[in-house]
Amino acid sequence: MIRGLRPALGCSYWDAVDREPTEVRLLWDERFLYIAFSCTDRDIVADPGLKRDGDVYEADACEFFLDVSGEGKEWFELQVSPLNQVMDTVSSFTGGPGGCTDTLRIRPELLETAYRTTRAWNAAGLRSAAGKLVCGGRVIGWTVEFAFPAAAVNLTAWKPGGLRMNFVRYNHGFTTADAEKRFSCWSPVQHGCPHISPAAMGRVFLKERLLVR
C-alpha cells in the first residue's frame with residue numbers, strides 16, 4: 001500500500017497534498033493487476049458528458065502508468081474519473097537513453113520525431129468501478145478500483161518480478177491561483193509531464209503470496 005502521493009518534482013505544496021491525501025493499493029494474480037485509489041476530497045469535480053478516451057485529466061482523475069519491459073520504449077496509461085469514465089493510451093519512444101532531460105521527461109525537441117501516443121488502443125478486458133468515500137453519513141472523497149489484465153499488454157500472465165509503474169492523481173478542487181497543487185504522484189515527475197516521463201517511473205515488485213502453515 002502507498003500512503004500518500006507527492007508533489008511534482010521540485011515543488012513543495014505538501015500542505016495541499018496532505019490535506020486531501022491519496023492511498024493506493026495493489027494486489028495481483030496471473031490474470032490481473034488489482035489497483036485501488038482512495039482519495040480524500042472535499043470538492044469532487046467530474047464531467048458527466050465525458051466520452052470514452054476523453055480528457056479525463058481535465059477534472060478529478062486517478063492515473064496509472066505501466067512500462068512492462070522497463071526500458072522506456074513503450075508504456076501504457078490509464079485514467080479513471082469519479083464517474084468511472086476511462087481514458088487509456090499506449091505511447092512509445094525511440095530516442096534512446098540520452099533523450100531525457102535532467103527531470104527525466106522526454107526532451108521537447110524529440111517529441112515530434114521520436115515520441116508517439118494514441119488513444120486508439122483500449123485495454124481489452126479492463127474492469128473498473130468508482131464510488132464515494134463516506135464517513136458518518138458524509139461524503140469525504142471518492143474511490144477508483146480497476147483490474148488491469150495481462151492480456152491487454154500481450155502477456156500470457158503476470159509473474160513475480162519488477163515492473164515500472166507510476167500512480168498519479170489530479171485534484172481539481174483548488175483555485176486557479178493554486179492550480180499546480182492539483183497534481184500529485186508516487187514517483188516524482190516534472191509538473192504536467194507524467195505521460196512523457198517513462199524514465200521517472202518507480203519500480204514495483206510483484207511477490208508470491210506467503211502462506212503460513
Side-chain angles (χ1 to χ4, degrees), residues 1-11 14 17-18 21-40 61-80 86-93 95-97 99-106 117 121 123-130 143-170 183-190 193-213:
M1 181 172 67
I2 299 169
R3 288 188 179 274
L5 301 182
R6 309 177 186 182
L9 196 65
C11 297
W14 284 102
V17 173
D18 291 342
T22 309
E23 289 187 353
V24 184
R25 294 175 172 85
L26 187 151
L27 296 171
W28 70 284
D29 59 24
E30 289 188 348
R31 294 180 61 201
F32 293 99
L33 299 176
Y34 302 97
I35 298 172
F37 286 78
S38 178
C39 307
T40 301
C62 292
E63 187 172 33
F64 168 63
F65 290 92
L66 172 67
D67 179 348
V68 176
S69 72
E71 298 176 347
K73 296 179 180 179
E74 181 181 62
W75 59 98
F76 302 89
E77 174 185 358
L78 174 68
Q79 294 184 5
V80 186
V86 172
M87 184 191 86
D88 43 9
T89 71
V90 60
S91 301
S92 62
F93 181 60
C100 296
T101 67
D102 291 343
T103 60
L104 300 182
R105 60 153 289 177
I106 295 172
T117 189
W121 174 81
L126 174 74
R127 304 173 185 176
S128 66
T143 64
V144 160
E145 299 178 2
F146 54 87
F148 192 91
V153 292
N154 300 316
L155 295 178
T156 56
W158 299 113
K159 299 178 180 180
L163 291 170
R164 299 292 299 275
M165 298 183 188
N166 208 354
F167 305 94
V168 174
R169 177 183 172 189
Y170 296 89
F183 179 86
S184 57
C185 48
W186 172 56
S187 186
V189 297
Q190 183 176 330
C193 297
H195 60 298
I196 52 172
S197 302
M201 291 188 199
R203 189 173 294 275
V204 173
F205 290 90
L206 305 183
K207 294 185 177 181
E208 294 186 22
R209 182 180 180 184
L210 297 177
L211 298 179
V212 179
R213 298 181 183 276

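Counting begins at 1 with the first residue of the sequence.
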What about the rings of W121 and F76, do their centers lie closer together than 6.0 Å? yes
Under the criterion side-chain contact (heavy atoms from CB on, under 4.5 Å), I'd like the reasoning laid out for R169 against S184: C-alpha separation, chi angles, the key distance, then a yes or no. CA-CA 5 Å; R169 177 183 172 189; S184 57; 3.7 Å; yes
With side chains defined as the heavy atoms from C-beta onward, is the minimum distance between C62 and C39 less than 4.5 Å? yes
Going from CG on L206 to CG on L163, what distance comes out if it is rounded to the nearest 0.5 angstrom? 5.0 Å
Among residues at least two apart in sequence or on other chains, which ones pass salt bridge (Lys or Arg N to Asp or Glu O under 4.0 Å) with R25? E23
By salt bridge (Lys or Arg N to Asp or Glu O under 4.0 Å), which residues pair with R105, not counting sequence neighbours? none
Contacts of T40 that satisfy side chain to side chain donor-acceptor pair (under 3.5 Å) - sequence neighbours left out: none
Pair I196-T117, side-chain contact (heavy atoms from CB on, under 4.5 Å): steps then yes or no: CA-CA 10 Å; I196 52 172; T117 189; over 6 Å; no
Main chain of I35, side chain of W28: is a donor-acceptor contact present, judged purely on distance under 3.5 Å? no
Output all residues satisfying side chain to side chain donor-acceptor pair (under 3.5 Å) with S92, sequence neighbours left out; order by chain, then residue number. none
Take F167 and F64 through the test ring-ring contact (aromatic ring centres under 6.0 Å, His included) and record every step on the way to the result. CA-CA 5 Å; F167 305 94; F64 168 63; 5.7 Å; yes
Only residue of T89, N166, V189 satisfying side chain to side chain contact (heavy atoms under 4.5 Å, CB included) with F65 is N166
Report yes if some heavy atom in the side chain of F146 is under 4.5 Å from a heavy atom in the side chain of F32; otherwise report no. no
Point-to-point distance, once rounded to the nearest 0.5 Å, from CG of L26 to CZ of F148: 11.5 Å
How would you list all residue pairs meeting side chain to side chain donor-acceptor pair (under 3.5 Å) that involve residues 61-71, not counting sequence neighbours? E63-Q79, E63-Y170, D67-S69
Are V90 and E74 close enough that some pair of their side-chain heavy atoms sits under 4.5 Å apart? yes
Side-chain contact test, heavy atoms from C-beta onward, threshold under 4.5 Å: evaluate it for L78 versus V86 and give yes or no. yes
List in chain and number order the residues that pass side-chain contact (heavy atoms from CB on, under 4.5 Å) with L155, two or more places apart in sequence or in another chain; answer none if no residue qualifies. V68, A150, V153, W158
